[in-house]
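Below you'll find the structure, written out as structure tokens, and then a few comments.
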Amino acid sequence: MKFRAALLCAVAFNAFLLLAACGGGGDGGSTGQSPPSANGDAGGGSSDNGGSAPSASSAPDGGGTICQSQPVVGGDLFVVDNAPVKVTLLANGGLTGGTFSFLYDFVFGIPTNNQQDKWGQVTPFAPTAPVGTSTDVRIQPPPPDLIHDEPVPSSFPKGVPIELWLSLDDGNQPGPANISSTASIHKDLPRDPSHSASVVYRGDNTATVTFFASVGGPAFTVGLTNVSGKASTCTF
């Protein structure tokens with residue numbers, strides 16, 4: 001009987017540890033840099049950038065308990081809380097040129113026409129920036145004329161989908177070898193990239209994104225705060 005009681009205690013203790021291992025909360029920030037214009041009537045953003053309201057069917061619930069230790073190729077990303085997304089360069093892979101872009105669906109969940117033509121875009125920093133460079137990207141709402149004065153939900157930008165995109169200046173035609181991104185935000189982008197960037201989700205609403213890891217050698221890697229993904233799960 002003593003052996004059986006000890007076994008039950010051990011099982012209960014291990015279950016407690018498993019539940020406690022995956023908590024977390026969002027991270028904040030302040031301002032950012034001026035972005036390029038997206039396209040047509042697609043609104044630009046700055047590190048004080050645009051975002052929009054989530055739809056309950058496709059956005060994460062905002063809880064801080066999802067994590068995954070294995071990379072997800074073409075992983076999706078969403079804003080967790082009404083706070084900036086901090087982007088930090090962890091490795092630049094020895095790049096000497098190219099463009100690193102932060103795109104976001106700032107009309108997500110807001111009724112408007114031509115959703116695919118409207119998005120915000122920021123260049124947090126150049127791919128050649130020193131490792132450790134960090135930018136706080138604040139998602140801004142869309143311009144009123146793009147949404148015909150529809151109200152922006154008070155939860156904005158919680159749940160807004162974002163897409164990180166890296167294009168290389170290698171002198172070759174655009175293709176999977178020199179353009180890569182995380183999951184699509186379903187916009188009419190000038191050049192649809194290969195969604196081959198790998199995403200590792202953490203339990204504290206952070207993630208690591210790596211581009212071109214499959215080609216060998218040092219890869220371009222950034223860290224993100226205040227993000228999550230609906231495809232992520234806790235694994236131990």
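All residue numbers refer to positions in the sequence shown, counting from 1.
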Please answer whether the main-chain N or O of [Y] pairs with a side-chain N or O of [X] as donor and acceptor at a distance below 3.5 Å.
| X | Y | result |
| --- | --- | --- |
| Thr182 | Leu164 | yes |
| Thr133 | Leu89 | no |
| Thr135 | Pro124 | yes |
| Asn226 | Asp81 | yes |

Indicate every side-chain donor-acceptor pair of residues 144-152 with a distance under 3.5 Å to a residue at least two apart or in another chain.
unit_1	atom_1	unit_2	atom_2	d
His148	NE2	Asn113	OD1	3.1

How close do [X] and [Y] get, heavy atom to heavy atom, and via which atoms?
| X | Y | value |
| --- | --- | --- |
| Val199 | Ala207 | CG1-CB, 4.2 Å |
| Pro127 | Thr99 | CG-N, 3.8 Å |
| Phe212 | Leu166 | CE1-CD2, 3.7 Å |
| Phe78 | Gly159 | CD2-O, 3.2 Å |
| Glu163 | Ala183 | CG-O, 3.4 Å |
| Phe125 | Val222 | CZ-CG1, 4.2 Å |

Interatomic distance, [X] atom [atom1] to [Y] atom [atom2] [nearest 0.5 angstrom]:
| X | Y | atom1 | atom2 | result |
| --- | --- | --- | --- | --- |
| Ile185 | Phe108 | CD1 | CZ | 10.5 Å |
| Gln115 | His186 | CD | NE2 | 12.0 Å |
| Trp119 | Asp105 | CH2 | CG | 10.5 Å |
| Phe106 | Lys187 | CZ | NZ | 8.0 Å |
| Asp188 | Asn114 | CG | CG | 9.0 Å |
| Gln70 | Ser198 | CD | OG | 11.0 Å |

side-chain hydrogen bond (donor to acceptor under 3.5 Å, both in side chains), that's the test. Do Thr221 and Thr210 meet it? Break it down for me. CA-CA 4 Å; Thr221 303; Thr210 301; 3.2 Å; yes
Are [X] and [Y] close enough that some pair of their side-chain heavy atoms sits under 4.5 Å apart?
| X | Y | value |
| --- | --- | --- |
| Asn82 | Lys158 | no |
| Asn92 | Thr128 | no |
| Ile110 | Pro142 | yes |
| Pro161 | Asp76 | no |
| Leu168 | Phe220 | no |

Evaluate the criterion side chain to side chain contact (heavy atoms under 4.5 Å, CB included) for residue pair Tyr104 and Val79; output intermediate values, then yes/no. CA-CA 9 Å; Tyr104 51 91; Val79 179; over 6 Å; no
In chain order, what residues pass the side chain to side chain donor-acceptor pair (under 3.5 Å) check against Ser167, with sequence neighbours excluded?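 So Ser167 forms no side chain to side chain donor-acceptor pair (under 3.5 Å) with any residue.
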Using the side chain to side chain donor-acceptor pair (under 3.5 Å) criterion, which residues pair with Ser180? Sequence neighbours excluded.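 Testing Ser180 for side chain to side chain donor-acceptor pair (under 3.5 Å), a comparison that skips the adjacent residues, returns Ser196.
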Could you tell me how the ring of Phe211 sits relative to the ring of Phe100: parallel (under 30°), tilted (30 to 60°) or perpendicular (over 60°)? perpendicular
As a test of understanding, state which of Thr208, Leu77, Leu224 forms a side-chain contact (heavy atoms from CB on, under 4.5 Å) with Tyr201.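 Filter result, single survivor: Leu77.
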